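The structure appears below as structure tokens.
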Amino acid sequence: MADKLTTFFEDFLEKNSLFTNKKALQSSFIPDEIRHRDEQINAVANILAPGLRLERPSNLFLYGKTGTGKTLVVRHTAKNMMEVAEERGIPLKIFYLNCKLKKIADTEYRLIAELARYLGKAIPPTGLPTDEVYNIFFQALDKEQQVVIFILDEIDQLVKKAGDEIIYNLTRINSELKHAQVGIIGISNDLIFSNNLDPRVKSSLSEEELVFPPYNALQLQNILQRRCNLAFERGLLEEGVIAKCAAYAAREHGDARRALELIRVAGELAERAGDQKVTITHLDAAEEKIERDRFLDVVEHQPKQFQAVLYAIIATSKDRASYSTGEIYNNYKELCIKIGLRPLTQRRVSDIIAELDMLGLINAKVISKGRFGRTKEIMLSLPTSLIPKITNLLREGLSL
DNA sequence: AGGTATTCACATGAAACTATTCTCTGAGTTAGG
DNA sequence: TAACTCAGAGAATAGTTTCATGTGAATACCTGT
């Protein structure tokens, strides 16, 4: 066995990888040249530029759907700007922070703590009053003459969890700072997010606004082509693969990230199969694999109670298409007793159902059946082919 | 027949509670001078 | 007396529970014809 393994690894190394630079297809990759976003880059650069003269740059709010290059444009511009600042010894600091990251920046405390950490202050993960952390942050910020720009990515997630006061406080902080100046760049995927914002917050955050339209198929194709040139040997991609990939992603609201992922996975599949070329078949397989993996991954990483509820739904969904909250809850309770799990209240289960819906594992719609009450109409939205696998996963998770 | 009042079966919201993780503080203890 | 230890108070957070209130439309119940 050991011999076999060794040969396997040796073979693996021997085998020429189809990729010359896989990094170029990963979403964290920042290419030197960004296509089809000149306008936005210029706009961002113009807005941020005053920072180099130690004037406060306007706050900026960017929005556009996922994979339209918002983060990329901002990071790219920020990088260039930092280079200039460093060269000239300008006290400019730019920090990028993704608010979606759990346990990092999804509450007021954590956001401020994280920002303070950027400024070189060690803040414990808990235990301190929020005011205290805020003070530390403020002191660190105002310690010297400087311009600081905070880039808050996926800011909608933060507001959803922690309210918009934080943003308001952050935008107002300038009036209290004596030496430093703060500019904020907010990035959001949610187009209607800014409408739900407190008007005061909205006006202070979006002194400038920038919309990122989705890429169209042609632009996607162009982007893909570039990245593939970096990532693969020339001629490795079968004719039409890029076009199809672009078309697929354009259908999904022009998401370049998905397109890149798709082609990367296609490449990996081809490589694993020992094929010399990436073909359309691989692409189709990749599309399916991504979808499958997403489901399995989501299911596997749910907390126990969620899994129990999901299992109850799957076990229930045998003879009819949809079920009501009450029915599911009863079955869930039975299941809990069977496996020795403390059953949650119906209130909570109702929320869990709503969350499973958000995750796209089930489909839950509130309907009114008149005299017979109001409930959610719950049905599974898993691909049928995956159900046995998921059932097994859940059995394992729940030790059934 | 047409109108309105009820009623069901939950949905949805808000507040309060629990458990866990973590810091800070100050009393008590220890050991060295 | 300085250094150390350790329990207790206080915070933040996630996950719930408790209590309260809301709700869409099928039906029951009237009403006047």
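Note that this is a predicted model, so its numbers are computed, not measured. Scope of the values below: all heavy atoms of this structure, side chains included, with no hydrogens, waters or symmetry mates. Chain A is the first sequence line, chain B the second, and so forth, proteins listed ahead of strands; every chain is numbered from 1.
Using a 4.0 Å cut-off, no side-chain N or O of A:Thr375 falls inside it from OP1 or OP2 of B:dA9. For B:dA11, one of the phosphate oxygens OP1 or OP2 lies less than 4.0 angstrom from a side-chain nitrogen or oxygen of A:Thr325. For the pair A:Arg348 and B:dG13, the criterion of a side-chain N or O lying under 4.0 Å from OP1 or OP2 is not met. Phosphate contact (OP1/OP2 of C:dT16, side-chain N/O of A:Thr345, threshold under 4.0 Å): absent. Listed pair A:Thr126 / B:dT20 fails the phosphate criterion, with no side-chain N or O lying under 4.0 Å from OP1 or OP2.
Summarising the geometry, the separation between NZ on A:Lys376 and P on C:dG24 is reported as 15 Å, rounded to the nearest angstrom. Protein atom CG of A:Leu128 is 13 Å distant from nucleotide atom C1' of B:dT21, rounded to whole Å. Per the geometry, CD belonging to A:Glu114 stands 16 Å off C1' belonging to C:dA12, to the nearest Å. Rounding to whole angstrom units, CG of residue A:Leu101 and C1' of C:dT13 are separated by 17 Å. Between the C1' atom of B:dA9 and the CD atom of A:Glu377 lies a distance of 15 Å, rounded to the nearest Å. Rounded to whole angstrom, the span from the CD1 atom of A:Ile328 across to the C1' atom of B:dC10 amounts to 14 Å. Atom CD1 of A:Ile352 and atom C1' of C:dT17 are 13 Å apart (whole Å). Residue A:Leu344 contributes atom CG, which lies 14 Å from atom C1' of B:dT18 at whole-angstrom precision.
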Is there a side-chain hydrogen bond (donor to acceptor under 3.5 Å, both in side chains) between A:Gln139 and A:Tyr134 once you walk through the steps?
CA-CA 9 Å; A:Gln139 305 285 332; A:Tyr134 193 80; over 6 Å; no
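Both cation-pi conditions hold for A:Arg75 and A:Tyr96: the charged atom is under 6.0 angstrom from the six-membered ring centre and inside a 45 degree cone around its axis.
Using a 4.5 Å heavy-atom threshold, the side chains of A:Asn189 and A:Lys65 count as separate. The shortest side-chain heavy-atom distance between A:Leu141 and A:Ile173 falls under the 4.5 Å cut-off. Between A:Glu87 and A:Ile90, every side-chain heavy-atom pair lies at or beyond the 4.5 Å cut-off.
Within 4.0 Å of A:Gln346, counting heavy atoms only, lie sugar-phosphate atoms of the nucleic acid but no base atom. Residue A:Lys304 is classed as having no contact, given no heavy-atom separation below 4.0 Å to the nucleic acid.
A donor-acceptor contact under 3.5 Å links the side chain of A:Arg347 to the base of B:dG13.
By the 30° and 60° cut-offs, the orientation of the rings of A:Phe150 relative to A:Phe137 is tilted.
Checked against C:dA12, B:dT23, C:dA28, the side chain of A:Tyr109 finds its nearest nucleotide in C:dA12. Side chain of A:Ser350, nearest nucleotide from C:dT27, B:dT12, B:dC22: B:dT12. Taking the side chain of A:Arg371 as heavy atoms from C-beta on, and the options C:dA12, C:dT17, C:dA26, the nearest nucleotide is C:dA26. Distance from the side chain of A:Val366 is smallest to B:dA11 among C:dA12, B:dA11, C:dT17.
Along DNA chain C, the nucleotide nearest A:Lys369 and the nucleotide nearest A:Arg374 are compared for position; the residue whose nucleotide lies closer to the 5' end is A:Arg374. Each of A:Gly127 and A:Arg110 was matched to the nucleotide of DNA chain C holding its nearest heavy atom; the match closer to the 5' end belongs to A:Gly127.
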